[in-house]
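Data block below; observations after.
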Amino acid sequence: MLRIQLLVFIYLCLFCLGVQAQNNPAVTYGSHFDLQGARYLPSKLGEGYERVTINLGNTYAWFGNNLTNAAEIEEIFAGNLTSEQANQRIVDKLGELNQINRVGFGLYVQPIGVAIKFGKQKHRYSMRNPTELCQPEDVYQERFTVSFDVNERVEGNLFLSKNLAQFAWQGNKQFAGQTVDLGNFGGSGFWQREIAIGFAAPIPIKKQKIGFDKTKLGPSPIQLRVGGRIKVIQGMIAFRTSRFSGNITTAADGSSIGFDVDYRLNAAVPYDRLNANNEPVLDAQEPASPLTVRGRGLGVDVGATVTLEEKVSLSASLLDIGMVRYRNQVLNYTVKDNFTFEGIPFTLGLGNNNTTNNSQSFVDSLTNRFTPTPTQEAFNMPLPMRVALQFAYRVPARDWKGRRFDLHQFFATYTQGIVELGTATRRPSFQLGYNLNLFTIANIGLATSFGGHNAFAMTGYLSLRAGPIRLGVGSNALTYLVSKENTTGADIAFNLGIAW
């Protein structure tokens with residue numbers, strides 16, 4: 001029974017802890033929530049006709065991995081396998097792993113966000129009403145849009161090598177007489193509060209000459225829009241492995257196992273005090289508050305969009321430029337050591353039931369060697385910086401007021417992480433999307449993504465407008481219906497706001 005519980009725990013960890021997506025299709029492709037979309041494309045802010053936008057309680061949660069999928073989960077837990085068969089299936093799966101494997105998680109909540117568009121009234125003659133050709137109508141022309149929003153942001157990831165996963169599950173028997181590189185192992189996670197000020201504006205471009213004599217000026221076929229966000233960041237909780245390398249050497253007869261490791265772990269976490277040995281202690285009577293600000297920093301997002309003939313556009317953005325410095329309740333663990341244990345059994349590993357007193361003693365000794373007395377120096381943690389490029393093709397139409405809107409939109413988005421941190425990964429992500437905009441009342445969309453933290457994902461979303469109220473939901477649960485083998489995570493988005 002204990003073995004079955006352990007199998008369930010390990011596999012649920014591998015499946016449930018992961019980063020699913022690098023952008024939220026419901027807000028990056030839809031037209032109802034450009035304030036949310038500005039998190040990914042800062043130049044998207046203020047694209048609609050609304051002069052005031054207020055978002056309330058918007059949430060986006062996601063997870064995924066490249067270790068396992070829904071089909072394998074069902075095979076193990078719904079396929080009537082015995083514990084031995086389930087263990088063998090996991091052993092087989094570990095043998096199929098990549099050299100670098102990722103898992104992670106994320107949650108984004110925006111309690112409040114406000115955007116205000118500033119513009120000017122411009123007179124023009126209308127062709128929509130022939131009886132009023134001599135009477136100009138007022139047209140509102142944007143000068144710039146500004147925004148203010150507060151965001152709670154939780155992200156994390158973990159990466160480990162194939163060799164390390166096999167050693168953790170099966171022990172060192174399989175490596176008898178070998179020196180095995182444990183590969184890269186580590187991860188990062190944080191809870192940050194962002195207080196952001198955003199800006200976006202159209203940039204005037206020289207108008208084209210029209211008419212037979214080319215003396216009249218008409219609208220420029222090229223439009224440029226720029227945007228950016230400045231974020232004051234409060235670091236609530238954080239951890240990261242700033243370095244890790246190591247190898248293990250197992251004697252051919254199993255008489256010894258040697259470790260050569262070099263790692264550093266930085267953390268800013270709640271603890272109440274340090275004891276006489278300079279170790280963190282939790283106090284049940286006066287526990288530390290998780291709401292304590294443990295670090296402060298700054299972040300910047302910048303982006304631009306070029307539109308040709310109001311149909312084709314190319315957007316580029318550089319996101320999360322900056323870092324957070326943690327000074328409060330900081331712990332730093334550093335190990336650079338070469339040590340050998342004698343008389344170690346071959347059967348040590350999570351996937352074995354015969355954990356003896358000797359092997360338990362080995363685990364205790366190993367834990368002590370890997371968790372030395374921490375230090376409290378401040379450390380810097382970069383933001384999950386990444387680059388996003390988006391191509392869009394739009395089919396325009398007019399609403400009953402004669403205002404232009406995009407009836408059909410086709411998107412292709414490329415995201416590339418600069419660092420391995422949080423939602424950012426150096427494994428690029430490519431996404432294709434389509435959005436149907438029904439007279440700005442309803443947005444219906446579908447997106448498929450490849451790469452990044454997942455093999456494949458399919459997302460559907462819907463948003464509705466009733467007067468000033470906007471409501472939207474989205475999820476990539478469609479992936480499960482299309483292909484269980486490619487279902488390596490899930491996400492869900494909820495958006496609520498008012499705009500006029």
Side-chain angles (χ1 to χ4, degrees), residues 8 11-33 36-37 40 58-81 86 89-90 92-93 96-98 101-108 157 390 408-415 423 425 427-438 442-464 471-496:
V8 172
Y11 235 70
L12 286 180
C13 287
L14 294 180
F15 179 70
C16 293
L17 297 179
V19 176
Q20 150 52 29
Q22 293 172 303
N23 62 342
N24 180 355
V27 298
T28 54
Y29 299 156
S31 64
H32 287 156
F33 299 97
Q36 288 285 85
Y40 308 97
N58 291 272
T59 303
Y60 182 52
W62 27 263
F63 62 84
N65 70 100
N66 68 343
L67 286 165
T68 188
N69 56 58
E72 292 171 342
I73 295 294
E74 291 186 359
E75 177 188 3
I76 292 176
F77 299 111
N80 298 321
L81 298 180
R89 183 67 186 91
I90 293 178
D92 295 340
K93 176 61 182 178
E96 300 169 0
L97 292 180
N98 302 317
N101 306 277
R102 300 176 178 86
V103 295
F105 62 90
L107 173 66
Y108 166 80
N157 66 6
Q390 185 178 100
H408 303 282
Q409 298 179 84
F410 302 88
F411 298 94
T413 304
Y414 174 87
T415 306
T423 191
T425 173
R427 185 169 181 254
S429 171
F430 185 70
Q431 189 173 78
L432 299 175
Y434 167 75
N435 183 76
L436 173 63
N437 186 353
L438 298 176
N443 275 206
I444 304 171
L446 181 68
T448 58
S449 61
F450 311 86
H453 293 277
N454 272 296
F456 171 79
M458 179 175 289
T459 302
Y461 61 88
L462 169 68
S463 64
L464 301 172
L471 176 65
V473 294
S475 174
N476 76 343
L478 295 177
T479 313
Y480 181 83
L481 302 177
V482 176
S483 173
K484 295 181 182 180
E485 289 76 14
N486 287 311
T487 302
T488 56
D491 70 351
I492 185 169
F494 172 80
N495 299 289
L496 174 65

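Atom set for the values below is all heavy atoms of this structure, side chains included, hydrogens, waters and symmetry mates excluded.
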Kindly give the heavy-atom pair with the smallest separation between [X] and [Y], and that separation in Å.
{"X": "I76", "Y": "L81", "answer": "CA-CD1, 3.8 Å"}
{"X": "A457", "Y": "N476", "answer": "CB-ND2, 3.7 Å"}
{"X": "F430", "Y": "A412", "answer": "CZ-CB, 4.2 Å"}
{"X": "N486", "Y": "S483", "answer": "ND2-OG, 3.1 Å"}
{"X": "A442", "Y": "L464", "answer": "CB-CD2, 3.6 Å"}
{"X": "Y60", "Y": "I492", "answer": "CD1-O, 3.3 Å"}

If you round to the nearest 0.5 Å, how far is [atom2] of [Y] from [atom1] of [X]?
{"X": "Y414", "Y": "Q390", "atom1": "OH", "atom2": "CD", "answer": "15.0 Å"}
{"X": "E72", "Y": "I90", "atom1": "CD", "atom2": "CD1", "answer": "10.0 Å"}
{"X": "H32", "Y": "L496", "atom1": "NE2", "atom2": "CG", "answer": "13.0 Å"}
{"X": "F33", "Y": "N443", "atom1": "CZ", "atom2": "CG", "answer": "9.0 Å"}
{"X": "L97", "Y": "T68", "atom1": "CG", "atom2": "OG1", "answer": "9.0 Å"}
{"X": "K484", "Y": "I73", "atom1": "NZ", "atom2": "CD1", "answer": "12.5 Å"}

When you measure from the side chain of [X] to the backbone of [Y], do you find a donor-acceptor pair of N or O atoms at a distance under 3.5 Å?
{"X": "N435", "Y": "Q409", "value": "no"}
{"X": "T479", "Y": "M458", "value": "yes"}
{"X": "N69", "Y": "E485", "value": "yes"}

Listed by chain and number, what are the side-chain contact (heavy atoms from CB on, under 4.5 Å) partners of [X], not counting sequence neighbours?
{"X": "Y434", "result": "H408, F410, L436"}
{"X": "L107", "result": "T59, A61, V109, V154"}
{"X": "N98", "result": "N66, N101"}
{"X": "A477", "result": "S475"}

F411: ring pair (Phe, Tyr, Trp, His ring centres under 6.0 Å) partners, not counting sequence neighbours: Y29
Mind checking what makes ring pair (Phe, Tyr, Trp, His ring centres under 6.0 Å) contact with F494, not counting sequence neighbours?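 For F494, no residue satisfies ring pair (Phe, Tyr, Trp, His ring centres under 6.0 Å) once neighbours in sequence are set aside.
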Could you tell me whether the side chain of T425 reaches within less than 4.5 Å of the side chain of R102, counting heavy atoms only? yes
So, do N58 and V27 sit near enough that their side-chain heavy atoms are less than 4.5 Å apart? no
